[in-house]
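A short write-up of the structure that comes next.
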2 protein chains.
Amino acid sequence: MASRTGDTREEIVRLGMEFIQTYGYNAFSYADIAKKLNIKNAAVHYHFPGKEDLLIEIVGQYIQRYHDLARALEAPGLTSRKRIQAFIDRYTTLCDQGKICLIGSVGSDYFTMPETVKKKLGELVELVLGMVEGVLRDGKKKGEFSFPETPRVRALLMMTNLAAGVQLARITGQKDYKAICNSLVKQLADT
Amino acid sequence: MASRTGDTREEIVRLGMEFIQTYGYNAFSYADIAKKLNIKNAAVHYHFPGKEDLLIEIVGQYIQRYHDLARALEAPGLTSRKRIQAFIDRYTTLCDQGKICLIGSVGSDYFTMPETVKKKLGELVELVLGMVEGVLRDGKKKGEFSFPETPRVRALLMMTNLAAGVQLARITGQKDYKAICNSLVKQLADT
DNA sequence: GAAAAAACTTACTACTTAGTAAGTTTTTGG
DNA sequence: CCAAAAACTTACTAAGTAGTAAGTTTTTTC
């Protein structure tokens with residue numbers, strides 16, 4: 001009865017991620033997923049016995065996406081500016097969809113998360129921070145960027161600006177988010 | 001049977017705020033509050049018929065606290081640096097308690113919130129941003145601060161750094177949060 | 001095309017959720 | 001000290017939650 005195209009399993013993960021980034025982890029149920037996919041509750045449990053299993057898979061796929069992005073950014077011929085813009089664009093896409101960063105979403109419910117998920121979230125954060133840090137360090141070395149902080153701290157600042165920026169955009173609208181993005185780019189400018 | 005000291009009503013609000021900032025809005029129940037106060041479920045409903053009513057009161061009191069802070073910062077004899085530090089200190093206190101900013105917490109579950117709460121959240125954000133913006137503008141005028149952005153954008157940047165900073169601290173520890181704080185202060189330095 | 005494995009549905013459990021109606025205790029004010 | 005208002009408790013509902021066991025359909029594989 002479900003959509004014949006593709007994998008039900010993948011659809012569950014896709015929807016789960018969408019729900020987490022839209023409503024939060026503790027605000028969606030297996031029933032919500034089942035309803036949207038026109039399958040029964042138990043079918044979701046067949047693929048992911050517990051909500052914890054689903055969450056682990058979601059975070060895992062999110063990590064995979066960032067690995068892919070990190071890989072893509074290693075391509076030669078890209079300026080550091082374009083590399084950092086690709087990172088910012090990820091958040092802008094989220095913002096346009098009314099979603100928020102997975103890290104920010106799960107960060108709010110962090111203490112309700114199982115230990116296995118907490119560990120994977122640590123992995124995810126280090127991956128993202130490391131990626132941005134690398135781009136910033138490289139850009140600074142090449143004289144494309146100029147900033148007073150260490151690349152690590154600059155990465156922290158950018159990431160927190162973007163993560164909270166998309167959350168804030170829900171409340172105050174996108175104008176403030178855009179202002180943040182513009183400022184972030186300017187701050188890196190080689191003056 | 002409940003604590004004889006003070007108001008049950010106030011205790012409910014206090015606990016509700018604590019739960020929201022620790023576990024998230026959709027991760028605590030009236031039963032959790034009742035249990036901690038040694039009262040029955042229905043007693044909580046007596047003071048706040050619905051969860052929405054409680055949430056409105058919580059956000060209202062949070063707004064009041066920021067009004068009080070804004071008032072306190074108007075006292076003469078305070079340097080702009082001390083004023084902005086008082087703002088940062090609020091977040092540091094949260095961070096030390098493992099809590100996160102109410103705005104950040106509710107931002108994750110934003111689309112599950114009733115309209116009345118969304119409106120009050122807009123109020124809260126404008127209040128906080130306006131307060132920080134005022135301090136920054138004043139400090140710049142007096143030559144205490146030096147930054148290239150408008151005070152509004154600088155306020156946005158600081159607030160998002162702090163809000164996401166305390167969330168991140170749950171995952172990566174307080175070291176990164178401290179680095180953010182240090183950097184924020186330095187960025188305002190009159191070089 | 002039959003056996004076997006995968007992907008489901010049906011039908012259920014045990015628990016938690018917000019919320020309410022009616023009665024009881026406690027506090028307060030005249 | 002007594003009436004009335006406030007602050008509860010008891011006992012319940014209706015709906016939603018994650019999760020499971022057993023049976024059915026669909027798909028794959030040989």
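Here is the naming used below: chain letters follow the sequence lines, and residue numbers restart at 1 for every chain.
Proximity of A:Ser29 to the phosphate of D:dT17: a side-chain N or O atom is located under 4.0 Å from OP1 or OP2. Taking only side-chain nitrogens and oxygens, B:Thr8 comes nearer than 4.0 Å to OP1 or OP2 of D:dC8. Contact between the side-chain N/O atoms of B:Tyr46 and the OP1/OP2 oxygens of D:dA7 is found at a separation under 4.0 Å. Under 4.0 angstrom from either OP1 or OP2 of D:dA18 there lies no side-chain N or O belonging to A:Tyr30. Taking only side-chain nitrogens and oxygens, A:Lys51 comes nearer than 4.0 Å to OP1 or OP2 of D:dA18.
A perpendicular orientation is assigned to the rings of B:Phe87 and B:Tyr91, their planes being inclined by more than 60° (bins at 30° and 60°). In this structure, A:His45 and A:Tyr30 have tilted ring planes: the angle between them lies in the 30° to 60° band.
A:Tyr25 has its OH atom 13 Å from the P atom of D:dT17, to the nearest Å. Nucleotide D:dA18 holds its C1' atom 16 Å from the CZ atom of A:Phe48, rounded to whole Å. Between the CG atom of B:Leu37 and the P atom of D:dC8 there is a distance of 10 Å, rounded to whole Å. Rounding to whole angstrom units, CD1 of residue B:Ile33 and P of C:dG19 are separated by 12 Å. The CD1 atom of B:Ile39 sits 18 Å away from the P atom of D:dA6 (whole-angstrom rounding). The distance between atom CG of B:Asn26 and atom C1' of D:dA18, rounded to the nearest whole Å, is 16 Å. Taking atom CG of residue A:Asp32 and atom C1' of nucleotide D:dA18, one finds them 13 Å apart after rounding to whole Å. Computed from coordinates, the A:Asp7 CG to D:dT26 P distance equals 18 Å when rounded to whole Å.
Distances from the side chain of B:His47 to the nucleotides D:dT17, D:dG19, D:dC8 place D:dC8 closest. Minimum atom distance to the side chain of A:Ala42 is reached by D:dA21, of the listed C:dG19, D:dA21, D:dC8. Proximity note for B:His45 (side chain, C-beta onward) versus D:dT17, C:dG19, D:dC8: the nearest is C:dG19.
Of the listed residues (A:Arg9, A:Lys120, A:Arg14), just one forms a salt bridge (charged side-chain N to carboxylate O under 4.0 Å, His left out) with A:Glu57, and that residue is A:Arg9.
Taking the ring centre of A:Tyr66 as origin, the terminal cationic atom of A:Arg90 falls inside the region bounded by 6.0 Å and 45° from the ring axis. Geometric assessment of A:Lys140 against the ring of A:Phe147 yields a positive cation-pi assignment under the 6.0 Å and 45° thresholds.
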